[in-house]
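All chains are named by letter (A, B, ...) in the order of the sequence lines, taking the proteins before the strands, and each is independently numbered beginning at 1.
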Amino acid sequence: MRLSRYFLPTLKETPAEAQIASHRLMLRAGMIRQGAAGIYSWLPLGHRVLRKIENIVREEQDRAGAFEVLMPTIQSSDLWVESGRYDDYGKEMLRIEDRHGRKMLYGPTNEEMITDIFRREVKSYKDLPKNLYHIQWKFRDEIRPRFGVMRGREFLMKDAYSFDLDTESAVRSYNAMFVAYLRTFARLGVRAIPMRADTGPIGGDLSHEFIVLAETGESEVFFDQGFNDFDPMATQPESGTDLQPIVDQWTSLYAATEEMHDPSKAAKTSDRLVQGRGIEVGHIFFFGDKYSKPMKAEVQNAEGASVAVQMGSYGIGVSRLAGAIIEASHDANGIIWPESVAPFKVGLMNLTPKDADCTKACDQLYSDLCKAGVEVLFDDRAVGAGAKFANMDLIGLPWQIALGSRGIKNGIAELKNRATGEKQEVDLATIVAKLAN
RNA sequence: CGGGAAGUGGCGCAGUCUGGUAGCGCACUACACUGGGGGUGUAGGGGUCGCAGGUUCAAAUCCUGUCUUCCCGACCA
């Protein structure tokens, strides 16, 4: 992409409303713009990041055996009356009336709707287990939205729902999501620690939150530093593998959010206990027949008896992750994208656009990189070199290529690693091969 | 929902106390210079001061109401 043609409105100064790093940087880097409190538009750069996060989440859900669906944002109140949550949910649910006076709502979550879809179609234990997920916008009318996309009212969430015949099977479904989450967050370039969680208003008795460590995190967390030694990507589950040992390993060490923190249990880890702050990016629940029972989502078992299915739900805050990744990965100059979610892999800067030789070489390099399948943002604007460097650091692409008349004479470009700051002189003839992988 | 702060060109702010022709920096437009870390100069364009009432000869400024946004707390993917 040529920057001269792109829509990338970066800001030199921080808008007054943005207080925390990720919000400031997302606004400055031209990723998002605010529509109302807790409601944002995603501009091209931000949208690319959002899609990359979404795709990694999707790949790992698919790998774990879940099937993607897409449910609507607007729901009828009927199902919520049936589950008993229409009254329980309170003002956080945005309630809407259509022209016929029917009570509708903008979905804050989809347990009821997916349970309804399931119960209409599945009648036999032979069709279990099943796991259905979607990636869809949700709305929760938070009392106080804040921190940009990290606590928005409208947010993009992946929510999966599992259906099993019995508890034993349901735990296997839970474990599959547990492992998928470990892999997902690792691929997104963040370290997320699973912590025993309170089951909250959704109810149930087996639940974990996945917390990304960041100083600006909303929750206080306590965990064993032994988590540093675990590698989520070491788990490459074949279908049918027993995942319990992996889950056991990850839950063997102490980890708890403030509300679940038990100093007497934590004491066992004593010197290895770390206290920090974190951002909740995922939350998984097993809640049994909480919804299947009142909504009569039942199947016949091998004996011909009708039994309510055992359910779990599994959420990942996709839009929140865009902010959380920045919170965990930035410096004074701007964002530092992990390569897997970076909007572009490489930023190419023509430092001397008035130099015909340099411009020619840049155009050629840009074209070669594109042909090699490298995602590259080419700053071909007629502005000073300093502005280009500053802007490139701000938007945080993993690799920067600086090419000017000085380098052209020797046939070399400067390649900078945004994360480490390390710069190296690279022969123009080899740079494409170096960046294509 | 309790407590606090703020709304003035696209962005960051001053002016409000003490009423008297709306200002600065950045950005933007044109031209010239410059060209390896947000460079320099000259000349421009752009604002019913959140909105609605009121006081006054006169309101960004004083009064009343209202909307919006942000921060702290209680609640949450």
Side-chain angles (χ1 to χ4, degrees), chain A residues 9-20 23-24 27-28 30 33-39 57 89-93 107-111 135-160 181 192 197-198 200-202 207-212 218-219 257 259 279-285 313-324 333-334 349-355 358-359 379 381-394 400-409 412-414 416 421 423 425:
Chain A
T10 56
L11 303 171
K12 213 164 170 179
E13 284 173 296
T14 306
E17 75 262 17
Q19 298 298 320
I20 64 160
H23 192 194
R24 286 200 307 263
L27 288 167
R28 288 193 55 211
R33 287 296 182 261
Q34 186 176 56
I39 300 177
V57 169
Y89 224 95
K91 289 192 164 181
E92 223 173 272
M93 183 152 77
T109 179
N110 287 66
E111 278 84 4
I135 299 172
Q136 177 64 291
W137 292 92
K138 307 288 188 291
F139 194 93
R140 294 183 190 174
D141 200 356
E142 298 277 344
I143 301 168
R144 179 152 98 85
R146 59 186 128 167
F147 305 146
V149 299
M150 299 238 286
R151 178 165 299 291
R153 290 192 290 173
E154 188 184 48
F155 57 96
L156 187 62
M157 174 166 128
K158 185 284 300 181
D159 40 326
Y181 275 37
D198 187 5
I202 291 183
S207 176
H208 286 89
E209 290 178 20
F210 289 77
I211 305 280
V212 168
E218 282 195 85
S219 25
T257 56
E259 44 289 1
I279 302 160
E280 181 185 352
V281 291
H283 202 155
I284 59 179
F285 301 87
S313 76
Y314 315 89
I316 291 181
V318 175
S319 50
R320 169 181 286 186
L321 268 162
N333 295 326
M349 291 174 276
N350 181 355
L351 300 179
T352 52
K354 286 224 173 133
D355 178 329
C358 182
T359 297
D379 193 344
R381 298 171 303 162
V383 300
K388 291 182 179 173
F389 282 118
N391 206 54
M392 211 48 95
D393 278 349
L394 174 63
Q400 299 174 6
I401 302 172
L403 193 49
S405 44
R406 193 196 294 168
I408 288 298
K409 291 193 183 80
I412 52 168
E414 183 186 273
K416 177 176 143 183
K423 296 173 186 172
E425 308 246 286

Side chain proximity check, A:Leu27 to A:Arg33, heavy atoms < 4.5 angstrom
yes
Provide the distance between the two P atoms, one in B:rG10 and one in B:rG46, to the nearest whole Å.
13 Å
Could you work out the separation of B:rC62 and B:rC1 based on their C1' atoms and round it to a whole Å?
32 Å
With sugar-phosphate meaning primed atoms plus P, OP1 and OP2, does A:Arg33 contact a base, only sugar-phosphate, or nothing at under 4.0 Å between heavy atoms?
nothing
Minimum-distance nucleotide (side-chain atoms of A:Glu414 versus B:rG38, B:rU69, B:rG36):
B:rG36
Quick one: which of B:rC1, B:rC72, B:rG12 gets closest to the side chain of A:Glu13?
B:rG12
Pick the nucleotide of RNA chain B nearest each of A:Gly35 and A:Leu11; which residue has the one closer to the 5' end?
A:Leu11
Measuring from the side chain of A:Ala36 (C-beta onward, heavy atoms only), which nucleotide among B:rC75, B:rG36, B:rU69 has the closest atom?
B:rU69
Interatomic distance at C1', B:rC51 relative to B:rA6, whole Å
16 Å
Pairwise C1' distance for B:rG19 and B:rG4, with rounding to whole Å
29 Å
Which nucleotide in the list B:rG37, B:rC70, B:rG12 gets nearest to the side chain of A:Lys423?
B:rG37
Choosing from B:rC71, B:rU69, B:rA77, which nucleotide comes nearest the side chain of A:Arg140?
B:rA77
Within the structure shown, what part of the strands sits under 4.0 Å from A:Ala390 by heavy-atom distance: base, sugar-phosphate, or nothing?
base
Select from A:Gly148 and A:Glu209 the residue whose nearest nucleotide in RNA chain B is closer to the 5' end of that strand.
A:Gly148
A:Thr352 has its side chain closest, among B:rG35, B:rG36, B:rG25, to B:rG35
Which whole-number value in Å describes the distance from A:Ile143 CD1 to B:rA77 P?
13 Å
Same-atom distance (C1') from B:rC75 to B:rU16, integer angstrom
38 Å
Side-chain donor or acceptor of A:Asp393 under 3.5 Å from a matching atom on the base of B:rG37?
yes
Regarding A:Lys409 and A:Asp355, does a basic nitrogen lie under 4.0 Å from an acidic carboxylate oxygen?
no
Among the candidates B:rG73, B:rG35, B:rG37, find the nucleotide nearest to the side-chain atoms of A:Pro353.
B:rG35
With rounding to whole Å, what would you report as the distance between B:rU40 and B:rU34 at their C1' atoms?
7 Å
Using only heavy-atom distances, determine whether the side chains of A:Asp159 and A:Ser313 contain a donor-acceptor pair under 3.5 Å.
no
Taking atom P in both B:rC31 and B:rA14, compute the distance separating them and give it to the nearest angstrom.
35 Å
Would you classify A:Gly315 as touching base, sugar-phosphate or nothing, given that sugar-phosphate means primed atoms plus P, OP1 and OP2, and contacts are heavy atoms under 4.0 Å?
nothing
If we take the P atom in both B:rG20 and B:rA59, what is their distance in whole Å?
11 Å
Among B:rG37, B:rG38, B:rG36, the nucleotide that comes nearest once only the side chain of A:Leu394 is considered:
B:rG38
Donor-acceptor pair under 3.5 Å: do we get one between A:Lys12's side chain and the base of B:rG38?
no
